[in-house]
Amino acid sequence: MASNVISAAASASPSACPVTDLLKGKAKLGSGNVGSLFIKDKGNPFLNSKSCGRISMAVAVNVSRFEAITMAPPDPILGVSEAFKADNDEKKLNLGVGAYRTEELQPYVLDVVKKAENLMLERGENKEYLPIEGLAAFNKATAELLFGADSPVISEQRVATIQGLSGTGSLRLAAVLIERYFPGAKVLISSPTWGNHKNIFNDARVPWSEYRYYDPKTVGLDFEGMIEDIKAAPEGSFVLLHGCAHNPTGIDPTPEQWEKIADVIQEKNHIPFFDVAYQGFASGSLDQDAASVRLFAARGMEIFVAQSYSKNLGLYSERIGAINVVCSSSDTAARVKSQLKRIARPMYSNPPIHGARIVANVVGDPALFGEWKAEMEMMAGRIKGVRQKLYDSLTSKDKSGKDWSFILKQIGMFSFTGLNKNQSDNMTNKWHVYMTKDGRISLAGLNLAKCEYLADAIIDSYHNVS
Amino acid sequence: MASDSVFAAVVRAPEDPILGVTVAYNKDTSPNKLNLGVGAYRTEEGKPLVLNVVRRAEQILVNDESRVKEYLGITGLADFNKLSAKLILGADSPAIQDNRVTTVQCLSGTGSLRVGAEFLARHYHEHTIYIPNPTWGNHPKIFNLAGLSVKTYRYYDPATKGLDFQGLLEDLGAAPSGAIVLLHACAHNPTGVDPTLEQWEQIRQLIRSKQLLPFFDSAYQGFASGSLDADAESVRMFVADGGECLAAQSYAKNMGLYGERVGALSIVCKAADVASRVESQLKLVIRPMYSNPPIHGASIVAAILKDSEMYREWTVELKAMADRILSMRQQLFEALSARGTPGDWSHIIKQIGMFTFTGLNSEQVAFMTKEYHIYMTSDGRISMAGLSSRTVPHLADAIHAAVTCST
C-alpha cells in the first residue's frame with residue numbers, strides 16, 4: 001500500500017493521474033483510505049511534521065495536510081487551572097496561576113478600575129486605532145511610574161517606551177529587537193525563572209543560558225553562584241532580572257546585593273533586562289518595588305524594562321504593559337522606538353486601547369491614583385498576612401524543627417516551597433492542592449481560613465513523600 | 001555614564017507608509033485638509049463612529065457586577081470563537097457541525113494572519129505564500145516575519161482598473177503544489193476589485209486541483225455589500241467543497257472596534273481530531289507572543305452576536321455604513337463626470353468596499369497632497385470612508401487638477 005501511494009506521488013503528472021480524478025474519488029490509492037498511513041502514535045517515522053508534510057501533500061486527497069501534527073502538551077502553568085476546574089473535591093485549592101484572590105477566594109476587580117471604566121463610558125470615547133506605539137498618555141504615565149517622574153532618564157527623553165501586550169508581549173518585542181540588533185548575543189535567565197521566558201526567547205530565536213539563582217539548601221538566593229555565572233558570560237550579554245517579587249521563588253536580592261549585581265553587569269558591559277510584573281504588588285509601595293530598576297538607571301546604564309499591569313491593577317485579561325528601553329541619548333531612544341514599532345506592526349499592528357485607557361485614567365487622576373495605592377497596599381497586605389498565618393501554622397504543626405521562615409522572607413505572590421515534583425504531585429493527588437510542579441504556590445490564591453489545611457498538606461508532602 | 005550606546009547600530013526606521021499618512025495629515029494646518037489614508041470609517045460629519053449597538057453592549061458589560069478581568073485561555077473567549085466561526089462560515093456550516101474547525105481569538109486581522117502564518121511556517125511543508133499584486137502593505141511583512149517566503153500573483157489590471165483574471169489563473173496555475181494562497185474574502189484592499197462568483201468558482205477549482213492552501217483575509221464582512229452572508233460567499237464556497245483553509249477575521253471595520261483589536265483565526269480541517277491537534281499547536285505560537293488575548297473587544301462582539309435583537313441592530317448599522325460608502329462612490333463618480341475629468345472613472349462605482357484604487361500615480365498623489373491637502377497612500381488608494389458629501393467636490397477638484405495638470 002505504501003508503495004502505491006509513493007508511486008502515485010512520483011507520477012503526479014497530469015497525464016498519469018489527474019488530480020481532479022483523485023478529488024472526485026475516481027482513482028483510489030491503495031486501500032482507498034490514505035489517512036490510515038499517517039498514524040498518530042510515537043512509532044510513526046513520519047512524526048517530524050516538516051518532513052512528513054512533503055510526503056503527505058504529494059498524495060493528500062482525503063488526507064488532511066495537517067494530519068501529521070501532534071497534540072501539543074498543555075501549558076504547565078495555565079494547565080493547572082484547567083485541572084483544578086475539573087476537580088470536584090470541595091477541599092480543592094488553586095495555588096496555580098498568579099492571579100490575586102480575595103479572602104473569599106474570589107477574583108478581584110479593583111474599585112479604581114471600575115471607576116475608571118465608568119468614567120470612560122460616560123465620556124463616550126471613540127475606538128480609533130492607537131498609533132503603533134500605543135496610547136501616548138499611557139506611555140508617559142508608565143515610564144514615570146517606573147523610573148520616577150523626576151528621573152533624568154525621563155527629563156532627558158532617553159527612554160523609548162512602547163505599549164505592549166502585558167508582560168509577555170513587551171518581553172517579546174524586546175526579544176525580537178535583541179535578535180535583530182545583537183545577533184548572537186545571549187540572554188542570561190535565572191534558574192529557575194517564569195516558565196514562559198524560555199518560550200519567548202526560543203520563538204524569537206535568541207539564545208539563552210541560565211545563571212544560578214535559587215539555592216535549595218537555604219531556600220534562598222545563591223548569590224555567589226549568581227555573580228559567578230554573570231561574570232563568566234560573554235561580554236555584552238543580556239541579563240534578565242526580576243525587578244521585584246521573583247517568579248517563581250519569591251526570593252529577591254537585598255539592596256546591597258543589587259549594587260553588586262549592577263557592578264558586575266557594568267564590568268562585563270552586559271545589558272540589564274528587567275521584568276517588572278509586580279511593581280507595587282510586592283511590598284505595597286510602587287517606589288520601593290522600583291528601587292532595583294532605579295538603581296541601575298541612576299548609574300547611567302542602558303536598560304530594557306518590561307512592565308505589566310496584570311497584577312498590580314488587576315487588569316490580567318486586558319493585556320496592558322510596556323517595553324521601556326533606556327538609552328544613552330534621546331536620539332538613540334527615538335531610533336530604538338522606531339524599530340520597536342517596526343516589530344509590532346507585523347505582529348498585531350497596534351495595541352488594544354481599553355487597558356491602556358484604564359491605566360492612564362487611574363494614574364492621571366490624583367484621587368484615583370491615591371485610591372489605587374491604597375488598594376495595592378491592601379492586596380500586598382493580605383498576602384503578607386497569609387504568609388504569616390501559613391508560617392505560624394507550619395511552625396506549630398511541624399515537630400521536625402525544620403525552618404519554615406523562608407515563607408516570611410520571600411516576597412510577592414509566589415512562594416517556592418522547596419517541594420519537589422513528586423511532593424508537588426502528592427499535594428495535588430492527595431490533598432487537592434493545585435500548584436506548579438516546581439514547587440511554586442501562589443499565595444494570592446490562599447486565604448487565612450485555608451492556611452492550616454495547606455500546612456498539613458505541605459508537612460505531609462515534605463516528610464512522607466520523596 | 002556610557003558615552004557609547006549599545007544601540008549605535010540602530011537606525012531610524014521610516015514611518016509606516018499607511019499609518020504615516022495620518023501622521024502627516026495631523027501636522028497639516030489647512031482647513032481644507034482631507035484624510036483619505038487609513039481605512040477607518042467616518043460619518044458624514046467626518047467623525048469617527050462608535051456603533052450604537054457597541055455602546056449598548058459596553059454599557060451592559062461595564063455595569064455587570066459579576067464581570068471579572070481574569071486571564072482568558074490562550075485561545076481567547078470561547079463564546080466569541082464559536083460565534084465568529086458561525087459568522088464567517090454560516091451557522092449551518094457542516095464543517096462546524098463536524099467539529100472540524102478550530103477558531104482562536106487573535107489581535108484583529110493582523111494578529112490572526114500572523115498566528116496563522118507562524119503556524120504554517122512550523123507545521124506545513126510548503127513555506128511559500130502567494131499574495132495578490134497589489135495587496136495591503138502589511139501583508140508581506142507579516143508573512144516574512146512569520147518565516148514564510150512571499151511571491152505574488154497577478155491581480156489588478158491597470159488598463160481596465162479591474163481584475164486581471166487570466167493573469168491570476170496563470171500565476172496560481174504555475175504555483176508549486178501545496179503552496180499557500182492569500183485571498184481577500186471581499187472588498188480587496190487596496191483595489192476594491194473583487195472576483196465575481198463565477199470567477200471565484202474557477203479560482204476554487206484551480207486551487208483545489210493544485211492542492212493549494214487558501215488563506216482568507218476577511219476584514220470587511222458585511223461592510224462591502226452590506227450583507228454579512230454575501231460578503232462571506234467566497235469563503236463558504238471553499239469550505240463547502242470539504243477542503244481545508246484558513247480564515248483571518250477582523251471586527252475592526254464591521255463593528256467599528258478598531259482600537260480594541262478583535263479578530264479570530266479559523267482553520268478548517270479535514271477531521272475533528274486534526275482540528276483539535278492544530279488548536280493545541282496554535283496555543284504554542286500564541287503563548288510566547290502575548291500569552292492570551294485582550295478581553296474587552298471580544299466580549300463586546302460576543303454580547304452582540306449572541307443576542308438576536310442586538311445582532312439585528314448591528315446589521316442595520318452595518319448596512320448604513322456600507323450604504324454611505326456606496327453613496328460616496330456615486331457622488332465622486334458624478335462629480336468627476338460633471339467636471340469632464342479626462343479618463344474613464346467608472347471603476348469608482350465598480351470597485352467595492354472602503355477603498356478605491358484611483359489609478360493615480362505617485363506624482364499625482366504628491367501633487368494632490370501639496371496643492372489640495374489630500375492625504376492618501378502613494379499607490380493611489382483612497383478611503384471612501386473618509387469622504388462626505390461636503391468634501392467630495394474638493395476631492396473631485398484635486399483629482400481633476402492632478403490629471404489635467406500633469407502630463
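What you are looking at is a predicted structure, and each value in this text was computed from that prediction instead of being measured. A, B, ... follow the sequence lines: proteins, then strands. Residue 1 opens every chain.
Using a 4.5 Å cut-off between heavy atoms, A/Asn350 contacts chain B through both its backbone and its side chain. Residue B/Ile286 does not touch chain A at all, counting heavy-atom pairs closer than 4.5 Å. If you measure heavy-atom distances from A/Gln106 to chain B, you find no contacts under 4.5 Å at all. Neither the backbone nor the side chain of A/Arg357 comes within less than 4.5 Å of any heavy atom in chain B. In this structure, the portion of A/Phe182 lying under 4.5 Å from any heavy atom of chain B is its side chain and not its backbone. Both the backbone and the side chain of A/Ser349 come within contact range of chain B, each with at least one heavy atom under 4.5 Å from a heavy atom of that chain. Of the atoms belonging to B/Ser112, not a single heavy atom falls under 4.5 Å from chain A. When heavy atoms are compared at a cutoff of 4.5 Å, A/Val109 approaches chain B solely by way of its side chain, counted from C-beta outward. Looking at A/Asp75, the atoms closer than 4.5 Å to chain B (heavy atoms on both sides) all sit in the side chain, from C-beta outward. At a 4.5 Å heavy-atom cutoff, B/Ala146 makes no contact with chain A through either its backbone or its side chain. Using a 4.5 Å cut-off between heavy atoms, A/Lys198 does not touch chain B at all.
Taking CG of A/Asn126 as the reference point, atom CG of B/Leu49 lies at 10.0 Å (rounded to 0.5 Å). Separation of atoms NZ (A/Lys114) and NZ (B/Lys69) is listed at 10.0 Å; rounding is to 0.5 Å.
Looking at heavy atoms from C-beta onward, B/Arg12 lies out of side-chain contact with A/Lys337 at the 4.5 angstrom threshold. Put simply, the side chain of B/Tyr290 does not reach to within 4.5 Å of the side chain of A/Arg172, judged on heavy atoms. Side-chain contact between A/Val63 and B/Lys270: absent, with no pair of heavy atoms (C-beta onward) separated by less than 4.5 Å. Looking at A/Pro352 and B/His296, their side chains never come closer than 4.5 Å, going by heavy atoms from C-beta outward. In this structure the side chain of A/Thr70 reaches within 4.5 angstrom of the side chain of B/Gln281, judged on heavy atoms. Between A/Glu318 and B/Ile295 the shortest side-chain heavy-atom distance falls below 4.5 Å. B/Leu72 places none of its side-chain heavy atoms less than 4.5 Å from the side chain of A/Tyr316. Put simply, the side chain of A/Asp203 does not reach to within 4.5 Å of the side chain of B/Met289, judged on heavy atoms.
A salt bridge links A/Lys341 to B/Glu15: at least one charged side-chain nitrogen sits closer than 4.0 Å to a carboxylate oxygen. With respect to A/Arg101 and B/Glu70, a salt bridge is recorded, a charged nitrogen being found less than 4.0 Å from a carboxylate O.
Scanning for side chain to side chain contact (heavy atoms under 4.5 Å, CB included) contacts around B/Thr128 gives B/Glu126, B/Tyr130, B/Ser149, B/Lys151, with sequence neighbours left out. For the ring pair (Phe, Tyr, Trp, His ring centres under 6.0 Å) test, residues two or more places apart in sequence or in another chain that qualify with A/Tyr309 are A/Phe138.
With ring centers used as reference points, B/Tyr41 lies 6.0 Å or more from A/Tyr129.
In terms of non-hydrogen atom pairs under 4.5 Å with chain A, the most contact-rich of B/Ser276, B/Ala271, B/Ala40 is B/Ser276. Heavy-atom pairs under 4.5 Å with chain B peak, among A/Gly321, A/Pro351, A/Ala356, at A/Pro351. Ranked by non-hydrogen atom pairs under 4.5 Å with chain A, the options B/Glu118, B/Glu279, B/Glu260, B/Arg287 are led by B/Arg287.
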- Task: Show your reasoning for whether side chain to side chain contact (heavy atoms under 4.5 Å, CB included) applies to A/Arg345 and B/Asn138.
- Result: CA-CA 8 Å; A/Arg345 175 58 159 158; B/Asn138 206 20; 3.5 Å; yes
- Item | A/Phe66 and B/Arg277: CA distance, side-chain angles, deciding distance, side chain to side chain contact (heavy atoms under 4.5 Å, CB included) verdict | CA-CA 9 Å; A/Phe66 307 121; B/Arg277 285 180 271 127; over 6 Å; no
- Given side chain to side chain contact (heavy atoms under 4.5 Å, CB included), test B/Asp16 with A/Ile132 step by step and report yes or no. CA-CA 9 Å; B/Asp16 178 275; A/Ile132 304 174; 4.0 Å; yes
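Between A/Gly124 and B/Arg55, the closest heavy-atom pair is O-NH2, 2.7 Å. Counting all heavy atoms, side chain and backbone alike, A/Lys127 lies closest to B/Val50 at N-CG2, 3.9 Å. Closest non-hydrogen pair, A/Ser328 versus B/Ser5, comes out as OG-CB, 3.1 Å. Nearest heavy-atom pair, B/Val274 versus A/Ser64, reported as atom, atom and distance to 0.1 Å: CG1-OG, 3.5 Å. When all heavy atoms are compared, the tightest approach of B/Ala9 to A/Tyr181 is O-CE2, 4.0 Å.
Residue A/Arg205 qualifies as open at atom CZ: its count of foreign heavy atoms under 6.0 Å is 12 or below.
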